[in-house]
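Below is one structure, written out as structure tokens; the observations come after it.
Position 1 is the first residue of the sequence, and the numbers go up from there. As the structure is a prediction and not an experimental result, all values here were calculated from the model. These numbers come from the heavy atoms of this one structure, side chains and all, not from hydrogens, waters or symmetry mates.
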Amino acid sequence: MKNRLKEDIVASGRFGREPERRVDAFDILDPENGVTRPTGTEANAKVRAYAMEKMEEAGLDVRMDAVGNIFGRKKGSDPGVGAVMCGSHLDSVVNGGQLDGALGVFSAIEAVRRLNDEGYTNRRPIEVAVFTGEEGSAFGMTLLGSTALVGKMSYEDALARKNPEGRMLKEVLENSGYAGEFVMDLKNVEYFVELHIEQGPVLYNKKMPIGIVENIAGITWVYATIRGEGNHAGTTPMKMRKDALVAAAEIILFVEKRANEMVDKLGSATVGTVGKLTVFPNGTNIVPGRVELGIDIRDVVPAHMESLKGEVSEALKALEEKYGVSVDVSVPPFHSPEPLSPEVVDIIEKSAAQTGVRTMRMNSGAGHDSQNIASRVKTGMIFVPSVGGISHAPMEWTEWEDIETGAKVLTQTLRNLAGS
Ligand code: GLV
Ligand code: MN
Ligand code: MN
């Protein structure tokens, strides 16, 4: 039989590769050329269209909400009970892989197809979900669509966020045909479940096919703009410079050093990264006049995140006096660490046992829409191994056999949840 899930992942994985290219084996991944499809790009519009077509083919009733979250409903037999939602995201980081997010969307569609094929009658409605802007690669914050959906941010504020070209999410969605009017009321959703690649080394190293997530780490981003004085690299004496990049270098090392110290002292899961650095005007013979930094701080303990964020903000301010620069700091809405539902963890464990698959419980260091949805709905996550623990990079990969195991466990979980 044709492997529909593999076909969807390979076909959708061509969107955002330049040139478009189908990748169905680890050996033909290109370490320099991954998948780039932030919200608002043509590649993102194409992958959404592909997914919506598959949802419709699977008999789902497809609708879109104001921030472009997509929902596809399979009716249930009992109109009086809450739905089971299942899905993930289709946007990607810059130069990422074809599985982060897409696996969760296409395996949810495949699970519905399998249930349809076997003539399964779901008591609860099933809603396949695609969330907008999970990665934050275009609109300055992660988990954008689910943040609006759970009401942590208004739809207006989400729609007013701007991408690097200065275009608002509202305009981008309208221009690409992904602005909808549907309103999903989470009061009518009883469970949410998301299948995702682990994106870390734990399952792969342990040769464990399935991870069941108990907690998801929180994420705080800090943006800083350091303004010094652009000037001639040859004529500006060392003692007369206001070099914004030298000031930024101090922060990069500070974040790395303090996160390491916290890990050593507290035994915490703290991570701190300066992943984004934009240097203006970026010329070899020019003293850099302005630098923008994007700083990512995570932990499963909110106080640890807060404390590192506070220290980083102070260190940024201290640059002003030391280097004669000015520093502006902005912090987008943060995402708190979130425990997932013990009830859903148990049901996933039972579903895996019914499928004959070994599992382990674990935490997620990566952020997921699940952590937002968990604040309103009983939520669980299923992880499959990432080869070499690589993700957010072109070499991201999961073996097809592991993907099939994940799809089987997800389908059985849906049978159990939608039948309950
Ligand atoms: C989202 O994928 C994140 O963890 O940054
Ligand atoms: Mn993801
Ligand atoms: Mn990601």
Side-chain angles (χ1 to χ4, degrees), residues 38 93-94 135-144 147 153 157 160-168 217-263 265 268 270-299 302-336 367:
V93 293
V94 174
E135 297 288 6
S137 26
F139 288 92
M141 61 173 279
T142 54
L143 318 185
L144 182 53
T147 302
M153 175 185 220
D157 285 352
R161 292 196 73 87
K162 290 190 176 154
N163 68 10
E165 289 84 52
R167 293 172 66 208
M168 292 200 303
I219 311 176
T220 293
W221 279 6
V222 178
Y223 289 115
T225 301
I226 303 175
R227 288 190 177 80
E229 190 171 72
N231 211 336
H232 196 294
T235 62
T236 315
M238 293 311 288
K239 307 294 177 198
M240 289 179 62
R241 295 178 175 215
K242 293 178 183 170
D243 185 327
L245 184 56
V246 170
E250 185 162 319
I251 293 301
I252 297 171
L253 294 177
F254 180 85
V255 170
E256 204 262 347
K257 176 169 156 275
R258 282 300 297 137
N260 262 303
E261 284 170 358
M262 286 175 71
V263 171
K265 198 166 137 215
S268 61
T270 317
V271 284
T273 309
V274 179
K276 185 164 190 181
L277 190 74
T278 318
V279 180
F280 298 92
N282 211 19
T284 305
N285 53 0
I286 305 167
V287 177
R290 176 160 58 99
V291 170
E292 292 173 3
L293 296 108
I295 305 166
D296 179 301
I297 295 169
R298 305 187 189 209
D299 204 300
H304 294 164
M305 267 170 40
E306 273 307 304
S307 122
L308 185 53
K309 184 180 82 181
E311 284 189 40
V312 169
S313 303
E314 272 174 35
L316 281 162
K317 270 293 157 203
L319 299 175
E320 295 193 327
E321 201 175 319
K322 185 164 176 191
Y323 294 99
V325 296
S326 69
V327 181
D328 289 318
V329 175
S330 70
V331 179
F334 87 108
H335 302 293
S336 55

Which one of Thr142, Ile297, Ile295 satisfies the side chain to side chain contact (heavy atoms under 4.5 Å, CB included) criterion with Trp221? Thr142
The single option from Val255, Val312, Ile252 passing side chain to side chain contact (heavy atoms under 4.5 Å, CB included) against Leu293: Ile252
Donor-acceptor pair, Glu311 side chain versus Arg258 backbone, under 3.5 Å? no
Keeping Asn260 on the side-chain end and Glu256 on the backbone end, is there a donor-acceptor pair under 3.5 Å? yes
Any chance you could measure Phe254, atom CZ, to Leu308, atom CG, to the nearest 0.5 Å? 7.5 Å
So how far is it from Arg290 CZ to Thr225 OG1, rounded to the nearest 0.5 Å? 7.0 Å
For Lys162 and Arg167, run side-chain contact (heavy atoms from CB on, under 4.5 Å): C-alpha distance rounded to whole Å, both residues' side-chain angles, the deciding distance at 0.1 Å, then the answer. CA-CA 5 Å; Lys162 290 190 176 154; Arg167 293 172 66 208; over 6 Å; no
Taking the side chain as everything from C-beta on, heavy atoms only, tell me whether [X] gets closer than 4.5 Å to [Y].
X: Arg298; Y: Thr270; result: no
X: Val271; Y: Asp299; result: no
X: Phe334; Y: Met141; result: no
X: Val222; Y: Val329; result: yes
X: Ser336; Y: Met305; result: no
X: Thr147; Y: His335; result: yes

Mind listing the closest non-hydrogen atom pair of [X] and [Y] along with its distance?
X: Pro288; Y: Leu245; result: CG-CB, 3.6 Å
X: Gly234; Y: His232; result: N-ND1, 2.8 Å
X: Tyr323; Y: Ala247; result: CD1-CB, 3.7 Å
X: Ser330; Y: Pro332; result: O-CD, 3.9 Å
X: Gly367; Y: Ile219; result: CA-CD1, 3.7 Å
X: Ser137; Y: Pro38; result: OG-CB, 3.9 Å

Do any pairs count as a salt bridge (charged side-chain N to carboxylate O under 4.0 Å, His left out) and have a residue in residues 231-252, sequence neighbours left out, and if so which ones? Glu250-Lys322
For atom CD of Glu321, decide whether the heavy atoms of other residues, nucleotides or ligands shown that lie under 6.0 angstrom number more than 12. no
Neighbour count >12 (heavy atoms, 6.0 Å) for atom NZ, Lys317: yes
Applying salt bridge (Lys or Arg N to Asp or Glu O under 4.0 Å), name anything that partners Glu135, two or more places apart in sequence or on another chain. none
Checking Glu229 now: which residues fulfil salt bridge (Lys or Arg N to Asp or Glu O under 4.0 Å) with it, not counting sequence neighbours? none
Distance only, no hydrogens: is a donor on one side chain within 3.5 Å (strictly under) of an acceptor on the other, for Asp296 and Thr273? no
Arg161 NZ/CZ over Phe139 ring centroid, <6.0 Å and within 45° of normal: no
